[in-house]
Amino acid sequence: MKKYSVIWKGKVVCELSRRDIQSDFERGRFGQLHCIKLQDGRELNLPDFLNDPKLEETLEEKLEQSFAPFDFKLFGFVLCGLSFLSFYIYVAVLMYSIFLFASKRKQLAGLIALLGSCIFFAGHAFFKALDISL
């Protein structure tokens, strides 16, 4: 279960699950002036937090949309194309794939790693065949 930070007068009092926060609110341990800190850094007052049962789903969607200005696919494909030129750029492609995998974009991570590997090895073969001895 997800844990949320309960804030009172600007300080974190404890971290509890939604169910525990609900039961403590009903028992009177927490009041309407307590706040809950969400994963994206926003703070909501306790009644607003408890009145929105789909808060986790909407929060996940908003986090996904917050990355919208940055196009992960385009950047990955540009890196893949550049991996034709250098081993170091290929390493950057692999590191970017690991980042994508860790950020739950597994399918895109696999595609970028595979495409980057193919382009890198094609570039390696190309430059090896072009080996001009003076």
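Being a predicted model, the structure only gives us computed values, none of them experimental.
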Could you walk me through whether Cys14 and Arg29 pass side chain to side chain contact (heavy atoms under 4.5 Å, CB included), step by step? CA-CA 12 Å; Cys14 59; Arg29 180 175 175 211; 4.2 Å; yes
Could you walk me through whether Phe84 and Phe127 pass the side chain to side chain contact (heavy atoms under 4.5 Å, CB included) test, one step at a time? CA-CA 9 Å; Phe84 187 83; Phe127 286 114; 4.0 Å; yes
Could you give me the CA-CA distance, side-chain angles and deciding distance for Phe25 and Gln32, then say whether side chain to side chain contact (heavy atoms under 4.5 Å, CB included) is met? CA-CA 8 Å; Phe25 179 70; Gln32 292 189 358; 4.3 Å; yes
Applying side chain to side chain contact (heavy atoms under 4.5 Å, CB included) to Tyr90 and Ile119, what does each step give before you reach the verdict? CA-CA 9 Å; Tyr90 174 62; Ile119 292 175; over 6 Å; no
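Asp24 and Arg27 are joined by a salt bridge, as a carboxylate oxygen and a charged side-chain nitrogen come within less than 4.0 angstrom of each other.
In the hydrophobic cluster analysis, where Ile, Leu, Val, Met, Phe, Trp and Tyr join through side-chain heavy atoms closer than 4.5 angstrom, Phe99 is grouped together with Ile89. Under a hydrophobic clustering in which Ile, Leu, Val, Met, Phe, Trp and Tyr are joined whenever their side-chain heavy atoms come within less than 4.5 Å, directly or via other members, Val91 and Phe121 fall into the same cluster. Residue Leu82 is not grouped with residue Phe87 when hydrophobic side chains (ILVMFWY) are merged at heavy-atom distances under 4.5 angstrom, including chains of intermediate members.
For the residue pair Asp20 / Ser17, a side-chain donor-acceptor distance below 3.5 Å is found, with atom types taken as modelled.
The two residues Gly116 and Cys80 have their closest heavy-atom pair at N-SG, 3.5 Å. In terms of heavy atoms, Ser97 sits closest to Ala113 at OG-N, 3.3 Å. Smallest separation of non-hydrogen atoms from Phe77 and Leu111: CZ-CD2, 3.8 Å.
Distance check: Glu26 CD to Ile21 CD1 gives 12.5 Å after rounding to the nearest 0.5 Å. Here Leu115 contributes atom CG and Ser83 contributes atom OG; the two are 7.5 Å apart, rounded to the nearest 0.5 Å.
Ser5 places no side-chain N or O within donor-acceptor distance of the main-chain N or O of Val12, the cut-off being under 3.5 Å. With Tyr96 contributing its side chain and Phe72 its backbone, the two residues share a donor-acceptor pair below 3.5 Å.
By the 4.5 Å heavy-atom criterion applied to side chains, Leu100 and Ile112 are counted as neighbours. Under the 4.5 Å side-chain criterion, counting only non-hydrogen atoms from C-beta, Lys73 is in contact with Leu108.
Within a 6.0 Å sphere centred on CZ of Phe101, heavy atoms belonging to other residues, nucleotides or ligands number 12 at most.
When each of Leu46, Asn45, Leu16 is tested with Ile36 by the rule side-chain contact (heavy atoms from CB on, under 4.5 Å), just one qualifies, namely Leu46.
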